[in-house]
Amino acid sequence: MNLEHRVRGLLRRARDAHPDEPGLDDALARMSAPLRIAITGGPGASTVRAVLAGQWFHIEPDADAVIHLFPHTPEVHIPVQVRDQGVIGVLTHADEIGGGRLDALTSARQIARRYTADPRLRGVCQTVVPVAGLLARAATSMTQSEMDRFSELAARPRAVIDSALLSVDRIRSTAPDLLDRFGLFGMRIGVTLVRQGFSDRAALAAELVSRSGLGELLAQIDTRFRERSHVLKARSALVFLDEFLRRARDRALHAEVERLAASTHEFVEIRVLDAVRAGQIALPADVAGEAVRLLGGDGATITSRLGVRGDAGEQRHAALLTLRQWRARAGNPVAGRQFVEAAQVIVRTCEGMVARLA
Amino acid sequence: MSTVVEVIDTAITAAEAYHRDDLAARLRQSRARALSGEVRVLVAGGFKQGKSRLVNALVGAPACPVADDTTPAKAITLRYADTAGPIGDDTGQIGLPSGILRGLTLVDSPVLEPADAILIVSDASAPYTQAELDLIDQARALAPIVVCVLSKVDLHPGWREVAERNQASTGLPVVPVSAELRWHAMATADAGVNDESGFPALTAVLRAELGAHRGTRRSAAYEVLAVTGDLTATMTGEVDGLRAEETEQLGIRWQQVLNDGITDLIADIDHDLRDRLRDVLKVAEAELDAVDPAKVGDDFAEWLRTRESRCTAETFEWMMTRARWLAGHVAEQFGDDHALPEIPDAGDLAVGDLELAAGEKFGVGQRLIVGMRGGYGGTLMIGMASTIVGVAMINPLSVGAGLLLGGKTVQEERKRLLQRRQAEAKASLRKHVDDLIFQAGKQSRDMLRGIQRTLRDHFVGHAEEVHRALVDAAAQRRTRIRDLNAELARVRDLERMARELVA
């Protein structure tokens, strides 16, 4: 019986035992509803919220996973209450980091990588993605008339338009409407792209989405949240049940919830993954990278876990090889206890993959 | 009015007198600057606000390292030189043949320090935060001229509004600049873009402000003020510390600790003694209920004495442990390693034997008489009834009844006597235990009072020694406070002179 069914079963039993609690019906309904993602931090939360509206997930303050925004500052701090869940960090105002230069997002990406490796964020935040929110919003809602304006600007003599794009004050006199929507960085990049041959609205919009960092953010949301959305939903349902049953003093059901939370392999995986990421388990760098990958740190599908593309036979072969390797590691008599425990969890993960590939 | 150099010299003497070589070194630097007529302009601001870019754009050369990510926090000083390059071995000092550096030194610094002018750099993305307003307040205490520079105006469409709000919240001139435009202007030699970048305006504002103030003089005076502030804080801190020590009163405390401790101890020991002996009493009473005191007399007394001796011995031992701890605690009040007085061990308490009352004898004669009395009544009763039916008064039936009743009476009498003996024994047991509690209580109290006297005599002697030392220390302290106050007055004089230069 899989995790989702067991959580649903527990929720139903709790509802039957406590028919007066409306929250249980909501929790049950949420199990079949889309994943809920909270957007915290700032600046730029409202822009990111607007950009991400209408995706496959819901944006709610009380959520199964979190996207936390923070600017480029020396004092990064992620509040404690969001640490318990899946978190993607977003480095906002990414276009300002490089002073709005064309390659601003490239340096923003480097800084984001440094934040991902930052010991204060490792183990809290799964990854950090830079996003230029203003450009992302404009790109997702770009109109044909805006496309025409870009084409018209790009058609002007290069020296004229480049000198106009030097500052906001200069470009405002030429194209105030585009400036308000796309910002200086967006206009610079838009005009350059049109010059490079993006003459179609859809193509330009898609390229701008990618240049704004939104594409990367959506891809990360897919690998980190969508692929394990049932685990994230089950986890928040169990957190809710745990809290409610404790309040209702229902010892028997509460014990079952605790047992499920402690024994479910998916949760154990996440705990070990967090520990490996936070550096609490001493592993050589390459082994740690492999462990993170196998535990689903780069995506929960078998392909991303094994890091092997190909047909089921090849994947099965790779999975068996990995299984043998980790069995040997788990049986290593001189390894530390934490390492052996982590290796055992990975062995179990590999066994699951082999079984599914059979 | 004294000259700047004189005031600085006085301040150097003062700093050296107080063994503040760091301050003296700083003052010597500013003395050299005051003599050379150098004007220091410090560029400061928060993280990623464009400080280094501003400096580079001002001098028109990539002198300070800039990066999109963090740059190492290191001060860089730019001076005029005919050829570009580091000055001396110090990598923090760079010479440049840049016009703006004639008669002016630019410092890109991660921290605030006294200067002739401070440029506070903040980007145009948002109005000043509280942290930036605090930084500006600090800057105003360190330099006569503070100019707010609004950077990156090429990037933020709302910079005009931000500039207005910053001007309103600080009351200082706010100069909007764009380092990007300045670079572009230099690359293309475009005077129009250069004006747009705001840098000519910034240079003009700086020159005007510096010209309006007699810069060198004032900056050195600010340096002196910073030093006097530092010295005053140190000295007032020491004076406050000394005053606080004075108010501590050691003399009364140890006596209080001792008296309270002994009072508590007496109450505790008394309670402990009663508690233990009451337990013994309970057990002994239960024992007496089960046996005939007349038969177990001596054995019982022996058992009771052992139990009682053990109880009192345990209590006394506990008492001595507590008393020794108390002595140590009192000694702690003096805060020195002073030897503790010898506390004698508690003597044993002589526990008297329990004397059980002899009780009434119930010998053969008595038994016979009691039996006869009961038997006589029985015989008579049945015999009288027999005469009614014409049988002789003494007949087998009446004799049998007599014997039966006689036996029963003897039995009852024996039981009554046993109960009486038990009751008497218990009464004397209680009296005995009461006596013991009284005696042991008295003995323990006497012992504790003795200990209290011993400790008091001992510590009074010690306290006199300590007191003499304290009086000496207090005298020294008062002298030190007087000295410090005199020094403070001197430093304040220096401060006043420096303020006159500033005014």
Side-chain angles (χ1 to χ4, degrees), chain A residues 42-44 70-76 91-115 117-118 128 130 132-135 159 162-173 175-188, chain B residues 45-54 56-57 66-73 110-111 121-127 129 131-132 150-163 176-199:
Chain A
F70 55 89
H72 183 31
T73 89
E75 300 297 326
V76 198
L91 186 61
T92 55
H93 290 197
D95 49 336
E96 288 172 15
I97 287 169
R101 291 191 318 268
L102 283 176
D103 63 347
L105 255 291
T106 313
S107 33
R109 224 163 263 136
Q110 277 168 10
I111 293 165
R113 262 203 291 281
R114 188 174 59 73
Y115 276 124
D118 190 311
V128 180
L134 185 68
L135 175 58
D162 278 357
S163 119
L165 281 171
L166 271 177
S167 77
V168 284
D169 285 1
R170 284 167 165 243
I171 197 67
R172 179 173 286 123
S173 55
D177 45 340
L178 284 185
L179 177 65
D180 289 343
R181 283 262 293 150
F182 289 81
L184 187 62
F185 172 68
M187 289 194 67
R188 281 177 183 162
Chain B
F47 175 76
K48 293 282 108 191
Q49 301 295 319
K51 284 196 306 274
S52 301
R53 274 179 214 278
L54 178 95
N56 289 350
V66 289
D68 291 338
D69 207 351
T70 48
T71 39
V111 289
V121 186
S122 167
D123 74 23
S125 63
T129 59
E132 284 171 319
L150 197 67
S151 63
K152 306 188 190 174
V153 296
D154 58 309
L155 196 58
H156 297 282
W159 67 265
R160 284 192 175 80
E161 196 199 330
V162 175
V177 299
S178 160
E180 289 293 321
L181 285 178
R182 166 86 162 176
W183 277 117
H184 185 78
M186 284 189 292
T188 56
D190 186 332
V193 178
N194 194 27
D195 286 345
E196 236 181 286
S197 74
F199 276 83

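Convention: sequence-line order gives letters A, B, ...; per-chain numbering from 1. These figures come from a predicted structure and were not determined experimentally.
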Point to revise | Check: R170(A) and V193(B) side chains under 4.5 Å, non-hydrogen atoms | key: yes
Review point. Side chains of S167(A) and E180(B): closer than 4.5 Å at any heavy-atom pair?
Key: no
Exercise for review: Would you mind checking which part of S125(B) comes under 4.5 Å of any heavy atom in chain A, side chain (CB onward), backbone (N, CA, C, O), both or neither?
Suggested key: side chain
Practice item. Indicate the atoms forming the closest heavy-atom contact of L184(A) with D154(B), along with that distance. Key: CD2-O, 3.2 Å
Review point. Among L179(A), I97(A), D95(A), D169(A), which residue forms the greatest number of heavy-atom pairs with chain B at distances under 4.5 Å?
Key: D169(A)
Review point. Side chain, backbone, both or neither: which part of L155(B) has an atom under 4.5 Å from a heavy atom of chain A?
Key: both
Review point. Hey, is K152(B) close enough to E96(A) for a salt bridge, meaning N to O under 4.0 Å?
Key: no
